[in-house]
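We name chains A, B, ... by the order of the sequence lines, and we start the count at 1 in each one.
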Amino acid sequence: MRLPRFKYSGPETLEQALDLLNTHKDDAKILAGGTDLLVRMKKGLLKPKVLISLKALNELSYIKKQDGYIKIGARTPLADIIASDLIQKEARALFQACEKIGAITIQHFRGTIGGNILQDNRCHHYNQSDFHRSGRQACHKDGGKICYAREEADRCNSTCQSDGATALMALDASLILAKKGAKRTVDLADFYTTDGIIPHAMESHELLREIIIPLNGAQSSYQRLAYRSAIDYPIVCAGVLLKHSSKNEIEEARIVVGAMSRSPLFLAQVSSSLKGKKLNDTIAFKKAADASMDSSAAFAVHNVGATLEYRCAMVSQMVFQALEQAAKCIKG
Amino acid sequence: MEKILITLNINGQYCEVMVYPNDTLLEVLRDELDLTGSKESCGEGACGSCTVHMDGKPVRSCLTLALEAQGVKITTVEGLANGDDLSDLQQSFIDHGAVQCGFCTPGMLMSADALLKDNPRPDDKTIRKALAGNICRCTGYTKIVEAVAHTGNPKDHCPDCNTRSNEKE
Amino acid sequence: MSDYTIIGKRMPRIDSRAKVMGKAKFTADLKLPGMLVGKIKRSPYAHARIINIDTSKAMALPGVKAVVTGKDTEGIKWGVFAYTRDQQFIQMEKARYIGDEVAGVAAVDEETAIAALDLIKVTYEELPAIFDPMEAMASQTELIHKDFPNNINIHVNIDTGHVDENFKKAHYIREDTFVAPEESYFQAEPYAIVARFDHEDCLEVWMPNGGPHMKSKPLSNAFKIPLHKVKVRKIAIGGAFGGRSEICPVDYICALLAKKTKRPVKIEFTREENTIATRQGHAMITTHKTGVDKDGRVLARETTCYMDGGAYSSTGPIATSVPFLSMEQAYRMESVRYNGYRIYTNKPIRGMIRTHGRGFACGLDTQLDMIADHLGIDPVEIRLRNSRQPGDYTSTKSYVDSCAMDETIHKTVEKSGFKKKWGKLPPFHGIGIGTNSVQTGFPMGIRGGSQSFIKFNEDGEATVMSGVVDNGQGNDNMLVQIAAEELGLLPEDIHLVSADTETTSSDPGSYSQVSTFVGGHAVKIAAQNCREKLFKVASKILKTAPDNLVAKNRLIFVKNDPEKSIPIKKVVRISLLNFTSVNAEGGYWPKVDMKREWVSNPYGQMCEAFSFGTTIVEVKVDPDTGQVEVIEVTAAQDVGYALNPLVLEGQFEGSIAMGGQGGMLTEYHEWKDGRCINTTMLDYKLPLACDMPPKINNIIVESLDPKGPYGAKEAGMSIAMSAAQGYSAAVSNAIGVHMDSFPLTPDKILAAIKGKKQTC
């Protein structure tokens, strides 16, 4: 399958990249690993005039501990994150998430953490070839007025299937977005528009530079379900963060459910219901898991495989397993 | 759209080739350089048939732009053997019956080769994980995993280690 | 048997070397001088009348060398059988599925060809489309094919008689319905074709195929050129599994483009095209009604199966019959009535597939388990009480000669520890058994036999010519192994020319499961005839009767006096110097009932041998997620004789992956308005290395068929089919619910577990 034509730019520095972005704006797309962008281009879902490649920007590939934070360059390959002791110990949910992305043979060059977070929303009606989509009305995401996943929906219901984003939101991560001459920090939880067509609150002349994870002595866990043990996107997933007090009580919990909605869902109310609970309070965990299921079910549509019923039911499983695992890490 | 002259280091040799920006490495290997060992089976990075090495690490060549493959050492399946002398891994694939239709074989070899260079004595689970990104429809993977496990590590219980290919010598 | 030097040995395949070096050429790897890129224009509508096609803009695009539509054909409808002629090579009147071919383009490169497709303007008048076979039969809207009322493409009716009276005598009767959506072949190699007309106006084509002679005849008819001018060439093939057998529109379109442009044309399918525009398996709704005596012996059975055939017939009669025939071969079924309906829908075309009728077969086996449950018999016992025995006749009157069905059951039971485990495992841990049988061939009329020709070169080495095709299963190696054994040469002394319609004789094709039985047999006979000639010459030199000679390791020597020998090379030279040929031919035609026909007369000797297989599977089910962990699979097949155990094991393991792991747990197609939602390697779930069970036990059972070469029969397919049944039985056993809807995806398993909890 051939890629459509485009003009290629290979900036040598971040400054050059931002400059190019500023010039081309909507006409350009950033190329990191390409597993999301290039595949969509091959299917004819988008035809950017310009590709700005991050290939030479090694300055965006790093993992470091600084000022009480883990800082990860956006272009860091997934393989590096998986191999990092720091991430395995202090941001376990991210390690677990990255391990599951694609396959080992994709994680060296073609998979970057930035690429995973910024992957476009997916839907099995939308992510199809030109040919598949011809002969029928275009859906919302494809420039039309119809949704094939949810009848009579007036908006796009495509799903965020990013393992990385789900885990990072649980870790309370923030993002540094850069543009020519400026940069800003935004909490990942505030980064989503909940619009299936343009899911990320990011300007076309902005570039994701860095991911920041606060180090606060908390434990985390990420669980996901897919049909197979590699290659597949998750059909449901959950990221959990547990911060505990010296009394073995939960001081703070963050429960995030992914692959069920247009963005990862940070369940604030369910999360706060765990405050003050003991780390071995299985009943509280089960209750929280079921509540997570109820909260997320409203958003989900059948558009990523399996059945809707099954995915909803599994939210409870994923959250419960993640809670148990995070608690275990604390106790262990 | 204009073609750009690039230099690729493939299997130890430098080649100059004119490419379009939207040419993938897989297309250039197959169509311009007649290295048809790497295959296209899915076109979207799922199946692994296009796997080659860049600096010894496996990569999907169908999702690699040709002009981004400069400045690295590219190895394809054609570069595994030393002339007519097959690598131990290739020979092991033959001896253990790990090749049926052969379409997934080049990609499978490249993923396995990268694994063995990193870990010469991988266990069953490690091998299966390393090959999880290579889809095979014919073999059920059993003999592929065996072939990788027994490369340079012949097992007494295995009737296919040290077969006729070694007997000939 | 252990007298053989090469046969029966674990021998690495002769084609492996080129494949591991990346040298083996598959169709898409071919480059011919002046070659153009071809692309197909496909209908985006499931059912639409073609009003007009305007190709003018496409023809005018620089770089486009030819555009063809139905107007460039005679519009004749083609079919595998005389009574299934329903498909024009390029649609002129109607498009009947999303993907149907309406035009073809040849251009200088892919980009131009694709741009040209967009410039071809087709005016359609959309018609009501039907996607459900039951709806299709009842529909009042325009028939998909006007000559097939109620959209029924094929109806196979088999009735042995006495069915109703024997039901009356039954102690226990069950009627259950089982459903399964279609599955897909997903060969690793996407379909591709290269065609050209050479300097002698001969048509030369390369494409993956299940039998080149099945492709050459329709091409000869379509282009009105004699068969000797149609050269379907040998090429490495990346899997077929039954899905690349007969001619298809793209074969014709590519050749037509080559004719028009006077240049070679290559068409490469995308993965999506391979999924929707070649063939798929049939979705099926099967109802089995079975009556047994108090010991669980089947007295009467009635089976009705509705199959979703898609838009055209393809090999419909075969696909509609084989699921039933496999079961009537595996089990005694004296009184049986079968009604198989293949129904047209506006979906991609369905064909014969290695895992024929998973819903059908699983259903029959599941029902046996249900009956066994009711009668208090274990699943092994009920199968043994109904199993096929040597010397039986099947319900459709095929004599079964060699049969080690029971041995496959006993051996798998022993190896897997079935008796120790069944009924004694903890909750959600189960074990199950499936048994099946596959015909080694079917009546193929004029193409029922295979002929081989062997020539010796002056250096004492041989070239073997055979029409047998290798789809990746190892047929090339099989032929060389046989030839080497009979000729007394080593495998590396033999060059194989095969699957080439210019040089090789007609052969039934690999899809009929007879490559070894018929094709290999023909090579064996040809080699024996060569050897006879060599012995005649050698006997004069060694001064002994030809009966006293042995050919082995490149030598001919006297049986009890091996020192008295002469190299084969020398014998060949002496023959040639004495104007005597040592070349020979050989052919094999199985004695089948030539009057047996799938629809009009489905009775009589089907083939000369049947294979039998049993698969036992042990699983653990996670009751919280419904996910299945396969612990161990034990598979035994009566293959007659194992020509090469190394190759056989590979076939078993691949069969377990396709029929069991994928076919029973993850593979199915999902649809929206006639559009296939999961056409890609990402969305259609083929098993990965890390998904496969860690332990697979292969048991080769040998019944030494009296007709098969060295006793060999079909190998592999009985496992592909019984593996699905074994997986299904194991999961059912683990959760205590007999499943009736396949594949057993986690959601179904979870729902079944929940359902059981509520009724308890």
Is there a side-chain contact between [X] and [Y] (heavy atoms, below 4.5 Å)?
{"X": "C62(B)", "Y": "M1(A)", "answer": "no"}
{"X": "M1(B)", "Y": "F6(A)", "answer": "no"}
{"X": "L3(A)", "Y": "L65(B)", "answer": "yes"}

Against chain A, work out which of L131(B), T51(B), V59(B) has the most heavy-atom pairs shorter than 4.5 Å and name it.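 So the answer, after comparing L131(B), T51(B), V59(B), is V59(B).
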
If you count heavy-atom pairs within less than 4.5 Å of chain A, which of L67(B), L115(B), N134(B) leads? L67(B)

K7(A) portion near chain B, given a 4.5 angstrom heavy-atom threshold: neither

Non-hydrogen atoms of chain B under 4.5 Å away: do they reach the side chain of R2(A), the backbone, both or neither?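 Contact with chain B involves both backbone and side-chain atoms of R2(A).
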
Engaged part of [X] at the chain A interface, taking heavy atoms whose separation is under 4.5 Å:
{"X": "M110(B)", "value": "neither"}
{"X": "E40(B)", "value": "side chain"}
{"X": "I135(B)", "value": "side chain"}
{"X": "C47(B)", "value": "neither"}

In Å and rounded to the nearest 0.5 Å, what is the [atom1] to [atom2] distance from [X] to [Y]?
{"X": "E68(B)", "Y": "L51(A)", "atom1": "CD", "atom2": "CG", "answer": "8.5 Å"}
{"X": "K55(A)", "Y": "T64(B)", "atom1": "NZ", "atom2": "OG1", "answer": "10.0 Å"}
{"X": "N22(B)", "Y": "L38(A)", "atom1": "CG", "atom2": "CG", "answer": "10.5 Å"}
{"X": "Y8(A)", "Y": "I4(B)", "atom1": "OH", "atom2": "CD1", "answer": "9.0 Å"}

Is the closest basic N to carboxylate O distance between K129(B) and E99(A) below 4.0 Å? yes

Are there over 12 heavy-atom neighbours, none belonging to [X], within less than 6.0 Å of that residue's [atom1]?
{"X": "K3(B)", "atom1": "NZ", "value": "yes"}
{"X": "K155(B)", "atom1": "NZ", "value": "yes"}
{"X": "D84(B)", "atom1": "CG", "value": "no"}

Residues of residues 21-33 of chain A with a heavy atom under 4.5 Å from any heavy atom of chain B, in residue-number order, are L31(A), G33(A)

Residues in residues 101-117 of chain A that sit under 4.5 Å from chain B, counting heavy atoms only: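 A103(A), I104(A), T105(A), I106(A), H108(A), F109(A), R110(A) fall under the 4.5 Å cut-off.
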
